[in-house]
Each structure stands twice: as C-alpha cells, then as structure tokens.
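Have a look at the structure below before the remarks.
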Amino acid sequence: MEGIPRWAGFRVAIVLAILSLGLTACDNARSPAAQPRPTPPAGATASADREAADRRAAEQAYRQFWQVSWTFDQHYAQNQWRDVLGAVAVDPELSLLLSGAQRQRQHGITLYGAVIPHPTVPPVNGKNTATVRDCQDASHSGQADAKTGKAHTVGVARNPVVATLARGEDGRWRVSQIRYPGGRCV
Amino acid sequence: MRIRLALWATAVALATLPAEPSIAAPFSGDGPGGGQIVVTPGDNGGRYAPPSVDTTVQAPGAAGGSSGTAAAAGGGPVCRYQRAADWERWARQIPAGSRSAGVSASRLGDGRDHIDPHLHLYARTCKGVLDYVWVADAGASTAAALPTPEELAREAFGRLVLPLPVPRRSPDLRLRDGSLAVVVGEHTWVWVDAAGFVAQRRRVAAGPVWAEVVATPVGLRVDPGDGSAVVACRGAGTAFDPARYGPHAASPTCDHVYARSSFGLPGERVTARFEVVWRVGWTGFTGAAAAGGVLPDLLSRATAAFAVAEAQALVTSG
C-alpha cells in the first residue's frame, strides 16, 4: 500500500503560516591577541609562499578544468573546442576529451549537471607536475540523450579521482591525465 | 455551529495525489534500460578515461567483426558492439602517458603504437549507455591475455546497474498551488520504494576466470533539508499503511518531525536528500582457486523538494 496518502478522507485544511523567524545576531567581533611571532628566515618564507601559491594555482586550475571540460561542447562551436579545452588541458587528456566529445555528439549524447570537486593537493615542491586527489561528487551529473534530455547515467557521490597537472611554459597549470583508481575516497 | 478555519496566509486544500519526487538528475528517472539510470562509478561522463579492455567477449559480431551483439559471459546485459576503426586509428596515435586503470600496460600499451595489435576498438552500447572498449580478436593469445579476477571484479563493478531511489513520504499533500507539502509538527514518514532496495549483481568471466560483484543495500540516510541532522534509517524505511498505523503515529524505522514551516526558505520549500548505501563485495575464481574481496561502498541518491506547511484541522458541525 505504498504511497497511500495518509490523511485521505480527513477534512483538513492546510495553511502556510507566516512565521517570524528569530534572527540571531552573531557577534564575531573578537580582538586578536597581539602576540609576537618568531620571524622565519626570508628564504624560507619565500619558499613557503611559492609552495602555497603553486598549490592554490593547481587547485584552481583543476576546478576550472572540470567546469570547462564538462560543458565546452555545449557552449562552443566544434572548431573552437581545441582552443577552449587547450586552456585547461594538455595531451593525453586533451585528445581524449576532444575525441570523446566528438563521438558522443555523433551518437546523440550530451552531458548534464556538474561534477563537484573536493580536491586536495599534495606538496608541489617546485616541480612542474602536480597530483591532485579528488573525492568528487558526481551524483548530479552524467550522460543524457541530447534530444530528449533523458538521463542515461548518473555518477556516485564519492568518486575517487586522481589528476596529473602539468605547468606550461606560460606558467599555467593544465590537466594532463584523469584517472579513476577505484577504491574508497580517503 | 460552524467553526471556521483561520487562515494566516494562503489557504490551500488537501488533495490526495501521489508524490512526484524530483530526481537528483535534472531529467526523468526513466533510463534507457526501461525505468532506470545506470549509476556509474568512475568516468560517468564517458569521455575522461581511455577505453578499457572488454574481456568478456572476443571478436563480436559478424564476419570481420564489424558489428553485432553479445551477452556478457555469466548472464549480463546484451550489448551491441560496433567496430570503430576510424577511432581506433586515432587512438593508436594518442601521445604517450595514457593508460587505463586496472589494465596492464602490456595489454594496452602506455603510449603511441604500443597498443596490442590484436585489440580493436568497438563502440559498446549496453542498456542504452555507450562507451568504447578494446576487444581482442580471435587471433589473440588468450593464455597470455587472461585477466585476474580482481580485474574482472573492477569491470563488473563498473557495469553495476543500481536503481535510483524513489523517495516517498507521508503525509504527502498537494497544495492549491500544486506544490507538495508535509505538515509542521507531524511525524513525517520517509522511505524509498522497496522494489529498488534489493541486491544487484553483475558477473563477468573470461575463460575459466570469473568474478561476480554483489551490491547490497544496507541502509537509507535522509537529510530532511531543514538543517537538522541526517536521519539514519533501518532498511528502506517503512511505507505508511493507514490500515496498520494511526494518522499521528511515528514511523518505526524512518521518521522526522519538521519543527517549523518552510516559509521564508528559498522557493518556500525544503529539499530532502535520500541516499541509499550499497555495500559491495565480490567473489570469483582464478581458474585454480577461489578469490574474493570488498569494493567501495556506493551511494545512490535522489532528492525531493516540498513545502512544510502549518496545519489546523477543525471539525465542522451543524
């Protein structure tokens, strides 16, 4: 008897009430204690700053990669794909994506939704390649029929992804490989 | 004497219409396989990872292996295969560095022109879902190419088809403006359709080696969407049955009481999230001995948006 309305037969009227919501004021004003900090050597500071900047840039590039690569074929003409994707990806991932999108278009398939990255970036240590580990939420995205919009696939909420990024001569990070290692998100 | 209902805001009439849950995906919940979407771990976009090797078939289709159908060994879905010679030529030119997870480099190679010449690229369509796979031709050395049961288990894992949960709730009211609602202060029963809460299996085999993956639903988690804690339910929850339970009874397995109306929230609604947790394990055979293991849990998820309305029920007399 699933789905039988619970109050069928009752003469009940429902009203939406205007509720006055109590607003809670948050007092976050705090006075930071003025404590002296030890000063690290200038070289160490610069190195730490560079490391932090590299990791931030790699993470940002990774997030941008997913935004662009998931929808580029819907927003740009096919003769622009390589340029658009080339801003966020390099081979072999670039070629895989270009061919994949082209094949999907031939078969009337498009992507819907968006994957939500939750990346962590291990130390870059000044190298020109970086690894990003992601426990991606893919549960609102997948493949769909391009004509009807009917969903064919949907991803899982905790989808492990490992990405390799390469720093180009222009200093930009781009994704060179996406792997799905299986296993659990850690 | 007629007692009138005081209306604080928009008066709405109770209707007895079934719920229409909104699925997490922005499209219909009906997939190409006839009522289900394929829940795909890994590359659910189907364009990020290189093609894997399909070890369950060999040179499928008609003479020359151009196209045809094949059923996965061990009773999987019937899949259509179509040779993709142009893409194969292209794939063999992909620069070095690309490799399929779970497939040894000796089979697929690790770069340009290293792909086994006995492997050919096919477009595979299973349950309406297209992907591309490498398939060994009849001349391939099967002894050297036999996969491990672990590899087959990963292949089977990737082909698991999980039904999307269908959220239900009670009370389940339709307001005059067509929106769906539950009631402030009432026990709201929540559950998912039992038909989608049963173990799902997928078995693949290559020669004497096989693996069978079983995903078993072990619980339902419901985020009521009102900021309160996630409700961990036993099983799939309990469908409300008016013949067994009173109108104000609490669900024995999965229940939430909304303390305030959704007025003032975005869209004047809450969005509840229903997650079914699937425990996944596999058993198999190496050709000489039994094998088995555990794979990551899977979640299938759907959402349902509805209003939480204040209610006053008054008896009419005279």
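- Counting only distance, with no hydrogens or angles, the side chain of A:Gln177 and the backbone of B:Ala49 share no donor-acceptor pair below 3.5 Å.
- More than 12 heavy atoms of other residues, nucleotides or ligands shown are found within 6.0 angstrom of CD on A:Gln78.
- In this structure, the portions of A:Gln143 lying under 4.5 Å from any heavy atom of chain B include both its backbone and its side chain.
- Note on B:Arg47 versus A:Asp73: salt bridge recorded, some NZ/NE/NH1/NH2 to OD/OE distance being below 4.0 Å.
- Contact check for A:Ser139 versus B:Leu299: no side-chain heavy atoms found under the 4.5 Å cut-off.
- Between the CZ atom of A:Arg103 and the CG atom of B:Leu121 there is a distance of 6.5 Å, given to the nearest 0.5 Å.
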Exercise. In sequence, state the C-alpha distance, the side-chain angles, and the governing distance for B:Asp43 and A:Arg179, and then conclude on side-chain contact (heavy atoms from CB on, under 4.5 Å).
Key: CA-CA 9 Å; B:Asp43 183 11; A:Arg179 288 192 301 115; over 6 Å; no
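- Proximity to chain B involves both the backbone and the side chain of A:Leu97, based on heavy atoms less than 4.5 angstrom apart.
- Ring orientation note: the planes of B:Tyr48 and A:Phe65 are nearly perpendicular, at an angle over 60° on the 30°/60° scale.
- The neighbour count for A:Tyr76 OH, taken as heavy atoms of other residues, nucleotides or ligands under 6.0 Å away, does not exceed 12.
- Proximity to chain B is absent for every atom of A:Thr164, based on heavy atoms less than 4.5 angstrom apart.
- Contact of the A:His152 side chain with the B:Asn44 side chain is not registered, since no non-hydrogen atoms from C-beta on lie closer than 4.5 Å.
- A 4.5 Å side-chain heavy-atom check between A:Val156 and B:Leu298 finds at least one atom pair inside the cut-off.
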